[in-house]
There are 2 protein chains.
Amino acid sequence: MSHGIAIGKVSVATGVKIPTIRYYEQIGLLPAPPRTEGNRRTYDRKDAERLTFIRHSRELGFEIDQIRTLLDLQDRPDQSCADADTIARARLVEVKDKIASLKALEAELERMVEGCSHGRVESCQVIEILADHGKCKHHQHDA
Amino acid sequence: MSHGIAIGKVSVATGVKIPTIRYYEQIGLLPAPPRTEGNRRTYDRKDAERLTFIRHSRELGFEIDQIRTLLDLQDRPDQSCADADTIARARLVEVKDKIASLKALEAELERMVEGCSHGRVESCQVIEILADHGKCKHHQHDA
DNA sequence: GCTTGCTCCTATAGTGACTGGAGGATGTAC
DNA sequence: GTACATCCTCCAGTCACTATAGGAGCAAGC
């Protein structure tokens, strides 16, 4: 096999861990590559690119199923990119929501630690705010 | 049974789903309550308060093990609240980091959807940015 | 040729924090 | 008395991996 890339090399090149690469193959996100005589996976440059695409998508918080759709789109360049646009926009909304939610948490946590007088638990704002939901304005959070 | 609260009532009162309440009992976060003759769990006001504490802590993103520590502290009001303070501060740092990370994602997603010309996938910024990691400045993310 | 040590293989189980379903018992309202 | 809501236990599933066990392949040095 002159120029097949071993899984370890692909892993380093793409930043995707070896078990994760095998996992992606298992769930059909990455095609099963040919094997050497010794039964080892041999990848090519296209596989590495696909993995980079996947990793980057995961970093952006897209779910595996969404990535499946995005990869399908990438494979058919003549199609409309409306689906990709929809997925990205939906993710953007999610991210904005999450930021807003986390900012609320941040404010409440700040109130907690600022209120801590470093004394006994008895008079601790941290414990007290956690115990009494009425003392805060925070209402919902999802991760 | 005059004043035991049924699991369904506690669930509604605290906003914690019934299977989740049973799960918390199973992992030892909530003490196993007494049962009626018909083998049904009966809770009291203190249990409901404990569940509210847990729910609020989860909403703030604390992990179960941290909540265990926080509950232990609550049970011993004469102790120093330094541990609670440490946990809350650590969570605050996490939240701040996450906000920063999500803002980077937000920027990149915005660049993606703004660059989308609503044409073919061929020329779609969304797909292109995902494929080519060099086209973005984003580097790490954890959820 | 042989050993050392790295890389790779499969298969299975574990993670966190739940959630869902099956199949059955109990409690309540009409 | 019967319909229906609520509850019970146990077990499997979720997501996206991660870890472990137990072995085989391969490249380099002696």
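Values reported hereafter were calculated over all heavy atoms of this structure, with side chains retained and with hydrogens, waters and symmetry mates removed. Every chain is numbered from 1, with letters handed out A, B, ... down the list of sequences.
Nucleotide D/dC7 holds its C1' atom 12 Å from the CD1 atom of B/Ile21, rounded to whole Å. Distance, B/Ile5 CD1 to D/dT6 P: 17 Å, rounded to whole Å. Put simply, CZ on B/Arg55 is 16 Å from C1' on C/dA17, counting in whole angstrom units. B/Phe62 has its CZ atom 13 Å from the P atom of C/dA17, to the nearest Å. Straight-line distance from the CD atom of B/Glu37 to the P atom of C/dA25: 18 Å, rounded to whole Å. One can place NZ of B/Lys9 at 10 Å from P of C/dT28, the figure rounded to the nearest angstrom. Rounded to whole Å, atom C1' of D/dT14 lies 10 Å from atom OH of A/Tyr23. At whole-Å resolution of the value, CD1 in A/Ile18 and P in C/dT10 are 12 Å apart.
A distance of 5.0 Å separates CG in A/Leu92 from NZ in A/Lys96, rounded to the nearest 0.5 Å. B/Leu105 CG to A/Ile99 CD1: the interatomic distance, rounded to the nearest 0.5 Å, is 7.5 Å.
For A/Tyr24 and D/dC17, the shortest distance from a side-chain N or O to OP1 or OP2 is below 4.0 Å. Contact check, B/Lys17 against C/dT19: a side-chain N or O comes under 4.0 Å of OP1 or OP2. At least one side-chain nitrogen or oxygen of A/Arg41 sits closer than 4.0 Å to the OP1 or OP2 atom of C/dT10.
Using a 4.5 Å heavy-atom threshold, the side chains of A/Ile27 and A/Ile64 count as touching.
Comparing B/Ala6 and B/Gln26, the nucleotide of DNA chain D nearest to each residue sits closer to the 5' end for B/Ala6. Projected onto DNA chain D by closest heavy-atom contact, A/Thr20 and A/Asn39 fall at different nucleotides, the more 5' of which corresponds to A/Thr20.
Applying the 3.5 Å distance criterion, the base of D/dT9 shares no donor-acceptor pair with the side chain of B/Arg22.
Of the candidates C/dC9, C/dT7, D/dC17, the closest approach to any side-chain atom of A/Arg40 belongs to C/dT7. You'll find that the side chain of A/Arg35 is closest to C/dC9, out of C/dA17, C/dT19, C/dC9.
In terms of heavy-atom proximity, A/Phe53 sits nearest to B/Ile127 at CE1-O, 3.7 Å. Between B/Pro31 and B/Asp47, the closest heavy-atom pair is CG-OD1, 4.2 Å.
Sorted by residue number, the members of residues 63-73 of chain A with any non-hydrogen atom under 4.0 Å from DNA chain D read A/Glu63, A/Ile64.
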